[in-house]
Number of protein chains: 2
Amino acid sequence: MAPNKVQVPRISDAVAASLERRILEGSLKPGDRLPPERELAIELGVSRPSLREAIQKLASKGMVQSRQGGGTYVTDRLESTFFDPWQDMMGAHPGLREDLLEFRRMLEGQAAEWAAERATDADLTRLTQAFDAMNAAFDANDLERRASTDIDFHQAIGEATHNVLIGHLSAALLRLMQDNIRLNLGELKSIPAAISLLKNQHAAIHTAIVERKPSAARAAAETHIDFVRESLAQSLRSAARRETAERRLNAD
Amino acid sequence: MAPNKVQVPRISDAVAASLERRILEGSLKPGDRLPPERELAIELGVSRPSLREAIQKLASKGMVQSRQGGGTYVTDRLESTFFDPWQDMMGAHPGLREDLLEFRRMLEGQAAEWAAERATDADLTRLTQAFDAMNAAFDANDLERRASTDIDFHQAIGEATHNVLIGHLSAALLRLMQDNIRLNLGELKSIPAAISLLKNQHAAIHTAIVERKPSAARAAAETHIDFVRESLAQSLRSAARRETAERRLNAD
DNA sequence: TTGGGTAAGTGGTCAAACCAATTTGCGATA
DNA sequence: TATCGCAAATTGGTTTGACCACTTACCCAA
């Protein structure tokens, strides 16, 4: 007969859902390596074949990726499905950058507000860790680490909102913008004055969230984006000037 | 290191591909029952665990469906393999629905506000057309048209914001939610009272935008989402009640 | 310091068994 | 003869334990 009755819960489904939840909620981040199958199986209280079936499910959804002998890693289909198409579009239509910044102003303002309202102590701990790491990267002037810790910081805020969409979107959009900036502008000049301002802005966001002041957190986040928007506009103007002076390079 | 080398072929992948081919080529038609795992494993020259991993892959793609003791069947609705990763995730984690609604409340509130501020006359014309079409679909109680015109209406608002991200996201998220509701709840009951309320809410949004009252537009949009959220919660409660009465099904 | 090589770690596969749900079919009963 | 009920066979679900293949990391020798 046709299979239409209610399904008995399958272990592999439950395990897949459990891992999926960890990924969605951020305790397993993109790029992270999963524990070895043998350990994970014990931790989850299932046999290794069952765990493997669950992993196959996630793999077929593109959420994880395994290499024999190497380990199993979290990919991120979630963000890429939403925003891969946007990447080339951003390159083709620079006007989108302004839209993106406007959108981020709303998104991160809301994220900061909710984070200040809802963060658990564990969230705040993680947030502070990310904040410290970011400051260290800024001080060291390590551009690569600056970018990644910046993402971590925003992601920590996103996770503290306890809204999966906010968490993934804010990090994804920041990443999208960083890539786009790098692709189209090269590295932004690191003017000491700007660095100092950025650090102050991040500190204001961090403090407001930790002290649980939602409206202050929102305001600080919006100020931050406004500053980024303005700096970016200036860089673009000078880049355009330079470009015009040097050479004619048409890209659209 | 990052997983970027070429993958060694996995047996379960090959087996999954083989079965998939049989299904796509028609030698396994929708509704057909697969041979027992033990036989199929021998026939394909692999062990049962490997075969099972392959079956899990197909199951997660929605191509087959297994019932303990009953057998494994080729899904008869192959067309619905249009799924996107978020869709089944919403099914697996109902909590996401609440996150999505909360996110939409922010998004559509902002969209309505911006639309009221920025809409051109052409935008307003298109918005009014979409609004009329939606009302007609609601009056005719044509569920299919109701869903599509609803999306059109929200998309028209999104376009009126002149922010590409808002426009695409609000329509995409609405579509995602509609599909999810249809998949997991069946059609929502069309209570005349609710229909009337929905029409009023849409009218309030439309009017506020046309009359260029940003804060009123935001408020109307937020009220709308709040109503949807509440209606959905009620439907879910009654669905849960029904389910509990019928059978005990634990999925966590 | 560097190079190579080995050992440990980790995913991939297999085999055999038992459990749990469903299906089938036989036999007893009306 | 028809039908119902129950038990056995069927079939997917899960576990254990073992071994293979590939990768990583470490250590020792040159």
Side-chain angles (χ1 to χ4, degrees), chain A residues 1-19 23 28 31-75, chain B residues 1-19 23 28 31-75 92 246-252:
Chain A
M1 273 312 105
N4 47 9
K5 292 208 182 167
V6 284
Q7 278 294 335
V8 213
R10 263 160 305 199
I11 283 198
S12 61
D13 284 343
V15 170
S18 164
L19 293 177
I23 294 175
L28 283 175
D32 278 2
R33 180 165 140 179
L34 265 60
E37 292 185 351
R38 292 165 177 82
E39 283 181 24
L40 197 49
I42 294 173
E43 177 188 333
L44 295 171
V46 301
S47 69
R48 212 176 135 219
S50 296
L51 171 62
R52 279 184 58 79
E53 288 185 9
I55 290 180
Q56 294 301 325
K57 272 182 155 56
L58 296 189
S60 81
K61 287 200 221 175
M63 298 185 66
V64 301
Q65 211 172 337
S66 301
R67 275 158 50 238
Q68 182 171 171
T72 301
Y73 293 81
V74 178
T75 62
Chain B
M1 269 318 106
N4 47 9
K5 292 209 180 166
V6 285
Q7 279 294 336
V8 260
R10 264 162 306 199
I11 282 197
S12 61
D13 284 341
V15 170
S18 164
L19 292 177
I23 292 175
L28 283 175
D32 278 2
R33 179 166 143 178
L34 266 60
E37 292 185 351
R38 292 164 178 81
E39 286 180 22
L40 197 51
I42 294 173
E43 178 189 333
L44 295 171
V46 301
S47 70
R48 212 178 136 217
S50 295
L51 171 61
R52 280 184 58 78
E53 286 186 9
I55 291 180
Q56 295 299 326
K57 272 184 156 57
L58 297 189
S60 81
K61 286 202 224 176
M63 299 186 68
V64 302
Q65 216 169 334
S66 302
R67 273 159 50 240
Q68 181 172 170
T72 301
Y73 294 80
V74 178
T75 305
E246 283 176 2
R247 199 149 315 205
R248 200 51 208 156
L249 162 75
N250 82 344
D252 214 31

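For the numbers below, each heavy atom of this structure counts, side chains included, while hydrogens, waters and symmetry mates do not. Given the structure is predicted, the values throughout are model-derived calculations rather than measurements. Naming: A, B, ... by sequence-line order, numbering from 1 per chain.
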Run the side chain to side chain contact (heavy atoms under 4.5 Å, CB included) test against B/Pro36 and tell me which residues pass, sequence neighbours left out.
B/Glu39

Using heavy-atom distances to pick each residue's nearest nucleotide on DNA chain D, tell me which of B/Thr72 and A/Gly70 is more 5'.
B/Thr72

When the distance from CD of B/Glu37 to P of C/dA16 is rounded to whole Å, what number comes out?
17 Å

Of the candidates D/dG12, C/dG12, D/dT23, the side chain of A/Arg67 sits closest to D/dT23

Which residues pass the side chain to side chain donor-acceptor pair (under 3.5 Å) test with B/Ser47, not counting sequence neighbours?
B/Ser50

Shortest side-chain distance from A/Arg52, nucleotide among C/dT23, C/dT13, C/dA21:
C/dT13

A/Arg33: which residues meet the salt bridge (charged side-chain N to carboxylate O under 4.0 Å, His left out) condition with it, sequence neighbours left out?
none

Donor-acceptor contact below 3.5 Å, side chain A/Thr75 vs main chain A/Met63:
yes

Whole Å only: how far is the CD atom of A/Gln65 from the P atom of D/dT23?
14 Å

N or O in side chain of A/Arg10 less than 4.0 angstrom from D/dG13 OP1/OP2:
yes

Mapping A/Arg33 and B/Gly71 to their closest nucleotides on DNA chain D, which lands nearer the 5' end?
B/Gly71

Rounded to whole angstroms, how far apart are CD on A/Gln68 and P on C/dG11?
10 Å

Nearest 0.5 Å, what's the CG-CD1 distance between B/Leu44 and B/Ile11?
10.5 Å

Contacts of A/Ala59 meeting side chain to side chain contact (heavy atoms under 4.5 Å, CB included) (sequence neighbours excluded), chain-then-number -> A/Val64

Over how many whole Å does the gap from B/Leu34 atom CG to D/dG13 atom P extend?
12 Å

Interatomic distance where OH belongs to A/Tyr73 and C1' belongs to C/dG11 [whole Å]:
11 Å

Separation of D/dT10 atom C1' from B/Glu39 atom CD, nearest Å, is 10 Å

How many whole angstroms separate atom CD of B/Glu53 from atom P of D/dG13?
14 Å

A/Ser12 side chain: which of D/dT14, D/dG13, C/dT10 is closest?
D/dT14

List in chain and number order the residues that pass salt bridge (charged side-chain N to carboxylate O under 4.0 Å, His left out) with A/Glu43, two or more places apart in sequence or in another chain; answer none if no residue qualifies.
A/Arg22

N/O to N/O distances under 3.5 Å, protein versus nucleotides 15-19 of chain D:
residue : atom : partner : partner atom : Å
D/dT15  : OP2  : A/Ser47 : N            : 3.1
D/dT15  : OP2  : A/Ser47 : OG           : 2.8
D/dT15  : OP2  : A/Ser50 : OG           : 2.7
D/dA18  : N6   : A/Arg48 : NH1          : 3.4

